[in-house]
> 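My questions will all concern the structure given below.
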Amino acid sequence: MHFKINREAKTSRTGELRTKSGRVKTPLFMPIATRGAVKTILPSEIEEIGFEVVLGNTYHLSLKPGTELIKKYENGLHGFMNWKKSILTDSGGFQIFSLGARAKKRFGESGVKLTEEGVRFIDSTNGNKYFMSPEDSIQIQLDLDTDIIMCLDECPSYPCTQEQAKKSLELTTRWAKRCKKYFDKKTKGRKKKPLLFGIVQGSNYEKLRIQSAQELVKIDFDGYAIGGVAVGEPREQLKEILKWTLPYLPKDRPRYLMGLGRPDELVAGVVSGVDMFDCVIPTREGRHGRLFLWKDDPQKIDFKKQVIFFETINIKNARFKKDLGKLDEHCDCPLCKNFSRAYLRHLFDVNETLGSRLASVHNLTFYFKLMEALRKNNE
Ligand SMILES: [Zn+2]
């Protein structure tokens with residue numbers, strides 16, 4: 001079996017996921033390498049922080065540079081970006097739908113057209129037209145040779161009516177069946193198989209979340225993702241969506257909460273029984289000079305009791321102008337080890353890219369230490 005639970009608390013669990021690139025500890029956080037790079041950071045640095053999985057984007061990579069080039073490298077995307085550990089690729093569904101609106105604005109026609117067969121969309125950067133079926137999405141991900149492959153789903157925006165959400169999740173389920181069939185056919189007999197995950201939809205409707213989970217479980221995936229969150233719904237809804245969905249997912253398969261979130265949301269996810277996360281927050285916030293700082297030594301925090309365990313600061317703030325102190329006394333990242341707050345503020349002040357690079361490394365280190373502490377907390 002590819003997923004092993006080592007320890008279970010009430011609902012949370014720590015375990016180990018086996019991909020074709022190796023074993024990874026769960027719960028885990030995946031830095032985002034949308035276009036084959038974690039913005040401004042070397043793969044060796046990502047590995048040094050401790051991360052074992054990064055996330056690539058099927059939509060962006062299939063448009064540029066395209067799979068024809070990436071396929072020429074050993075282990076596909078691994079060789080192309082020189083990352084030997086595991087890679088998860090999303091299906092492209094979320095980007096097609098979210099970037100479709102942008103295309104409409106620029107090129108005056110609907111950016112996305114959905115049919116039973118698949119989705120027609122316009123590249124929002126140049127107006128080129130494309131078509132992607134569920135099978136195409138799987139084939140692209142197989143060509144990228146990544147470790148965890150996601151099914152193509154329709155991700156409805158928020159708010160959406162119950163009727164729209166139902167129609168959408170039923171299409172997602174039919175696509176999920178096609179993805180699985182195609183995946184099985186293409187990987188049959190392979191010794192080193194990637195893992196295929198289905199995506200639970202159903203917006204903020206309990207009945208629909210349950211329906212989606214039950215139907216996907218029948219198809220039998222290697223893991224299950226909870227999609228359609230972080231699309232503009234009130235953030236308090238997250239706990240409800242998890243409460244409705246997780247009991248219907250098999251315990252012995254990994255669960256992945258897509259696109260979330262803030263450190264406190266990661267804690268809520270782990271406590272509910274989620275095993276995998278990804279989010280742009282640590283790197284995006286870092287590039288804007290916003291940093292996460294520990295209130296205490298992360299190894300000593302009891303996350304069940306201590307709700308406020310971090311603070312965020314904006315280093316551009318004038319109060320740091322003459323602050324010779326270390327950024328975070330509980331962090332040993334290259335920024336905290338070698339530079340002061342005043343120096344980091346100066347880098348942002350004069351637009352030196354080293355500033356956003358160091359801040360991203362710090363925030364990613366914060367996220368890694370958080371997951372490490374949560375794994376330890378469960379022991
Ligand atoms: Zn640091």
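All of these numbers come straight from a predicted model, not from anything done at the bench. As the structure lists them, so they are numbered: ligands from 1, and atoms in each ligand from 1.
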> Counting only protein N/O/S, how many atoms fall short of 2.8 Å from the Zn ion (ligand 1)?
4

> Looking at the rings of Phe29 and Phe277, which for Trp means the six-membered one, are their centres under 6.0 Å apart?
no

> Could you tell me how the ring of Phe309 sits relative to the ring of Phe303: parallel (under 30°), tilted (30 to 60°) or perpendicular (over 60°)?
perpendicular

> Are a donor atom and an acceptor atom from the side chains of Ser21 and Asp147 found within less than 3.5 Å of each other?
yes

> May I ask you to say whether Arg253 pairs ionically with Asp220, meaning some side-chain N is under 4.0 Å from a carboxylate O?
yes

> Side chains of Thr89 and Thr146: do they bring a donor and an acceptor to under 3.5 Å?
yes

> Measure up the Phe221 and Tyr224 rings against each other and bin them: parallel (under 30°), tilted (30 to 60°), perpendicular (over 60°).
perpendicular

